[in-house]
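Heads up, the thing below is written out as C-alpha cells.
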Amino acid sequence: MLSDGLSAVWSPGDEIAVWARSSSGVYAFSNQAFKTYGLDGSLGYFTSTLNSPMPSGNYTYFCCYPVPTSISGTTARFTIPSVQDGKVTGGADIMIADPVSHGALTPVPDPEDHSGMSLEMNRMLHQFRFYVPDTDTKLGTAKIERIQLSFPTDVVGDINLNILNPSQGPNLISGGSDVILKLAEPISVSESDDMQYACVAF
C-alpha cells in the first residue's frame, strides 16, 4: 500500500500462483508460481518456466496471490499473518483473480512487450487504515512504531479460499485475535498534504 492509503503496487520478487485448464477439463499446469519481471505503476508483469510448451487451444486461467501454503482441489489455503508491517506486504494482501479465457501461453518476445494475458485481482480481506489527525496535540514530533490490535474473535491465521470463485468469502480455519503492526515506516502527525497511513489486513 502506498502513502495515500488507497493505492497499491507490486514489488520486485512478488509471486502469484496460476492454473490453466483446457476446454476438456485437463490442467496444463496447476499452482504454477509466476514471478515479477516488470513493474509499471499498479501493474505487474509475471513470467514462469513451464515444464513443456502448452498445446494450442483455449484455456481458462485462475490466479491468486500469494502462492498458497497448500492446495486441495480448488481450495487454496493461505495464512493471514498476525505480525504485519503496516504496508500489507509479504502476502498479507490475499487476492484472487477473476477467471479469464485465453490461448496457450507463449514465451515473452521482449521484456517491454506487455501484450499477453491480463488478469484482474480481487482483494479477499478487509483493510483498515490508521493515521494521526492534524488536530492531535499530544504526539508532538514523536513517531508511532508499533500498534497492537485485539479483537473479540479470531481474525488472523489459516484461511481457505476457492480459487475459482472470488465472490465466495474466506473460511477461517484457525488463528488468533491479536494483530501487531511493526511499522516498516513509522508514522507521525499527518498534515493535509502529507497523510501518513499504517494499514492492516484481516
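Sequence positions, counted from 1, serve as the residue numbers for this chain. No hydrogens, no waters, no symmetry mates; every other heavy atom, side chains included, goes into these values.
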Test log, rule side chain to side chain contact (heavy atoms under 4.5 Å, CB included), inputs Leu119 and Phe46: CA-CA 11 Å; Leu119 293 159; Phe46 296 80; over 6 Å; no
Scan residues 45-70 for pairs that pass side-chain hydrogen bond (donor to acceptor under 3.5 Å, both in side chains), counting only residues two or more places apart or in two chains. Gln32-Ser48, Asn58-Ser101
Single-linkage hydrophobic cluster Leu181~Val156, side-chain heavy atoms < 4.5 angstrom: yes
Hphob cluster co-occupancy, Phe128 + Val155, side-chain heavy atoms under 4.5 angstrom: yes
Mind checking whether Ile159 and Val200 sit in one hydrophobic cluster, side chains of I, L, V, M, F, W, Y counted as touching below 4.5 Å? yes
Would you say that Phe151 contacts Val179 through its side chain, given a criterion of any heavy-atom pair below 4.5 Å between the two side chains? yes
Would you indicate whether Glu15, at its atom CD, is surrounded by more than 12 heavy atoms from other residues, nucleotides or ligands within a distance under 6.0 Å? yes
Heavy-atom distance under 4.5 Å between the side chains of Asn122 and Ile96, does that happen here? no
Would you say that Pro68 contacts Arg77 through its side chain, given a criterion of any heavy-atom pair below 4.5 Å between the two side chains? no
Show the nearest heavy-atom pair for residues Cys199 and Val88, with the distance to one decimal. CB-CG2, 3.5 Å
Linking Ile, Leu, Val, Met, Phe, Trp and Tyr through side-chain heavy atoms less than 4.5 Å apart, which residues share a cluster with Val26? none
Verify, without hydrogens or angle tests, whether Asp14 (side chain) and Ser11 (backbone) share a donor-acceptor contact under 3.5 angstrom. yes
Are side-chain heavy atoms of Asp134 and Ser190 found at a separation under 4.5 Å? no
State plainly whether one hydrophobic cluster holds both Met117 and Met121, where clusters connect Ile, Leu, Val, Met, Phe, Trp and Tyr through side-chain heavy atoms under 4.5 angstrom apart. yes
Shortest non-hydrogen pair, Ala92 vs Leu125, comes out as O-CD1, 3.3 Å
Check whether any side-chain heavy atom of Val9 lies under 4.5 Å from a side-chain heavy atom of Leu39, and answer yes or no. no
So which pairs with a foot in residues 79-93 pass side-chain hydrogen bond (donor to acceptor under 3.5 Å, both in side chains), sequence neighbours left out? Thr79-Asp158, Asp85-Thr89, Lys87-Glu185, Asp93-Arg123, Asp93-Gln127
Given side chains that start at C-beta, do those of Phe78 and Pro170 come closer than 4.5 Å, heavy atoms only? no
According to the side-chain hydrogen bond (donor to acceptor under 3.5 Å, both in side chains) rule, which pairs have a member within residues 169-182, sequence neighbours left out? Ser150-Asp178
So, taking the atom named OG1 in Thr74 and the one named CG in Asn165, what distance separates them when rounded to the nearest 0.5 Å? 9.0 Å
Pairs where residues 21-31 contributes a residue and the test side-chain hydrogen bond (donor to acceptor under 3.5 Å, both in side chains) is met, not counting sequence neighbours: Ser22-Ser24
Which pair of heavy atoms, one from Leu105 and one from Phe29, lies closest together, and at what distance? CD1-CZ, 4.0 Å
Hey, can you pull the donor-acceptor pairs under 3.5 Å for the side chains in residues 137-144, sequence neighbours left out?
none

Out of curiosity, does Val132 fall in the hydrophobic cluster containing Ile147 (side-chain heavy atoms, cut-off under 4.5 Å, transitive links)? yes
Please report the closest heavy-atom contact between Gln196 and Pro186, naming both atoms and the distance. OE1-O, 4.0 Å
Kindly check if the number of other-residue, nucleotide or ligand heavy atoms within 6.0 Å of CD (Gln148) is above 12? yes
What heavy-atom pair brings Asp98 and Pro166 nearest, and what distance separates the two atoms? OD1-CG, 3.8 Å
So do the side chains of Leu183 and Phe130 get within less than 4.5 Å of each other, counting heavy atoms only? no
How long is the straight-line distance from CG of Asn160 back to CD1 of Ile173, given to the nearest 0.5 Å? 4.0 Å
Drop me the distance from Met95's CE to Glu120's CD, to the nearest 0.5 angstrom. 11.5 Å
All heavy atoms of Ile187 vs all of Tyr197, minimum pair found to be CG2-O, 3.8 Å
